[in-house]
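As structure tokens, the structure follows; a few thoughts come after it.
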2 protein chains.
Amino acid sequence: MGITKTDHFTGKQNELAVLAKAIGHPARIAILEYLMKVDTCICGDIVNEMPLAQPTVSQHLKELKNAGLIKGNIEGNAICYCINEEGFEKIKSFFQQIDNYTKNKKNDCC
Amino acid sequence: MGITKTDHFTGKQNELAVLAKAIGHPARIAILEYLMKVDTCICGDIVNEMPLAQPTVSQHLKELKNAGLIKGNIEGNAICYCINEEGFEKIKSFFQQIDNYTKNKKNDCC
DNA sequence: AAAGTTTATCGTAATATTGCAATATAAATA
DNA sequence: TATTTATATTGCAATATTACGATAAACTTT
């Protein structure tokens with residue numbers, strides 16, 4: 001079908017899935033890494049840094065923004081994108097949960 | 001196209017993308033949470049806990065296993081699945097990197 | 001105003017994902 | 001050995017994703 005049955009899962013599970021899914025593409029990871037590297041909002045050359053066509057990069061940026069992992073403002077004829085820490089905060093607790101679990105894990109059969 | 005241009009990205013970026021993508025589905029998050037909750041390898045009732053048909057759950061388990069997020073052994077006529085901490089270790093450093101960045105972030109225009 | 005620059009959107013093709021019914025496989029048990 | 005139980009695989013339909021050319025939109029510069 002290709003359609004995810006979100007109705008059957010909790011809001012948190014769906015929210016986390018959206019965030020993880022957004023990270024789940026090498027181009028989007030490369031974009032996030034680039035935004036961290038330059039540490040500035042004059043990011044007009046993201047397209048030049050990517051091995052993808054401009055419309056494709058634009059689409060990936062849109063997805064990152066929709067997921068809440070980056071934020072951006074219009075600045076003249078350039079767009080200013082940067083990391084949105086709020087999005088990452090939401091994922092953090094999930095990984096802390098995993099971390100916590102693995103430290104106290106009792107079973108060891110696998 | 002639907003095909004990801006993995007060739008143009010680094011091995012790390014692709015590896016991380018695979019892991020994040022595997023987490024990027026509510027059913028797979030629910031499975032991971034369940035495995036943590038029960039903290040045992042007698043996990044034969046994952047299917048009963050999920051609002052999905054048995055073949056669908058089996059497929060999601062397979063994807064989690066392929067990504068290295070869970071591991072499993074055959075135990076009689078039941079399968080023993082549990083969290084594979086190695087997979088999560090690989091993601092951890094990426095989030096630490098993000099965390100580190102947001103703490104020292106200089107720009108604040110967005 | 002015209003031309004240039006930069007990013008977004010539209011349309012489309014190719015491939016991937018999701019989900020399930022049907023069936024297969026494999027071990028446990030009667 | 002036949003039946004039951006539990007998981008995996010196959011095959012398929014519906015939808016989603018990825019990528020890009022063409023074009024639009026919006027601002028800058030000449």
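The chains referred to below are lettered A, B, ... by the order of the sequence lines, with proteins before strands, and numbering in each begins at 1.
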request  = To the nearest Å, give me how far apart CD (B:Glu49) and P (D:dT7) are.
outcome  = 13 Å

Residue whose closest nucleotide on DNA chain C lies nearer the 5' end, A:Lys62 versus A:Ile3 = A:Lys62

key: Below 4.0 Å: OP1/OP2 of D:dA19 and any side-chain N or O of A:His60   = yes

ask   = Transitively linked via ILVMFWY side-chain contacts under 4.5 Å: A:Ile46 with A:Leu32?
value = yes

Main-chain N/O of B:Ile98 paired with B:Thr102 side-chain donor or acceptor, under 3.5 Å = yes

query = What's the shortest heavy-atom distance between B:Leu69 and B:Gly87, and which atoms?
reply = CD2-C, 4.2 Å

key: B:Asn14 side chain to B:Thr6 backbone, donor-acceptor under 3.5 Å   = yes

Euclidean distance, atom CD1 of residue B:Ile46 to atom C1' of D:dA6 [Å, nearest integer] = 12 Å

ask   = So B:Gln97 and B:Ser93, side-chain contact (heavy atoms from CB on, under 4.5 Å) or not? Walk me through it.
value = CA-CA 6 Å; B:Gln97 197 182 325; B:Ser93 67; 5.8 Å; no

message = Rounded at 0.5 Å granularity, tell me how far CE in B:Met50 sits from CZ in B:Arg28.
response = 12.0 Å

query = Of the residues in residues 25-32 of chain A, which ones touch DNA chain C at a heavy-atom distance under 4.0 Å?
reply = none

request  = Provide, to the nearest angstrom, the distance between the CG atom belonging to A:Leu61 and the C1' atom belonging to D:dA19.
outcome  = 15 Å

message = If you compare every side-chain N and O of B:Tyr81 against the phosphate oxygens of D:dA8 (OP1, OP2), does one of them come in below 4.0 Å?
response = yes

ask   = In whole angstrom, what separates A:Asp7's CG from C:dG19's C1'?
value = 14 Å

query = Atom CE of A:Met50 and atom P of D:dA19: how far apart are they, to the nearest Å?
reply = 12 Å

task = Mind calculating the distance between CG (A:Asn66) and P (D:dA16) to the nearest angstrom?
result = 15 Å

ask   = Under 4.0 angstrom, heavy atoms only, what part of the nucleic acid is A:Ser58 near: base, sugar-phosphate, or nothing?
value = base

request  = For the pair B:His60 and B:His25, name the ring-plane relationship: parallel under 30°, tilted 30 to 60°, perpendicular over 60°.
outcome  = tilted

Shorter than 3.5 Å, N or O on both sides, protein versus nucleotides 20-24 of chain D: list them out with atom names.
unit_1 : atom_1 : unit_2  : atom_2 : d
D:dC20 : OP1    : B:Lys5  : NZ     : 2.6
D:dC20 : OP2    : A:Ala53 : N      : 3.0
D:dC20 : OP2    : A:Thr56 : OG1    : 3.1
D:dC20 : N4     : A:Gln59 : OE1    : 3.4

request  = Would you mind checking if A:Lys92 and A:Glu89 are paired as a salt bridge, meaning a charged N to carboxylate O distance below 4.0 Å?
outcome  = yes

key: Distance below 4.0 Å between B:Lys21 side-chain N/O and C:dA16 OP1 or OP2   = no

ask   = Rounded to the nearest 0.5 Å, how far does CZ of A:Phe88 lie from CZ of B:Phe94?
value = 5.5 Å

key: For atom NZ of A:Lys65 and atom C1' of C:dT7, their distance in whole Å   = 11 Å

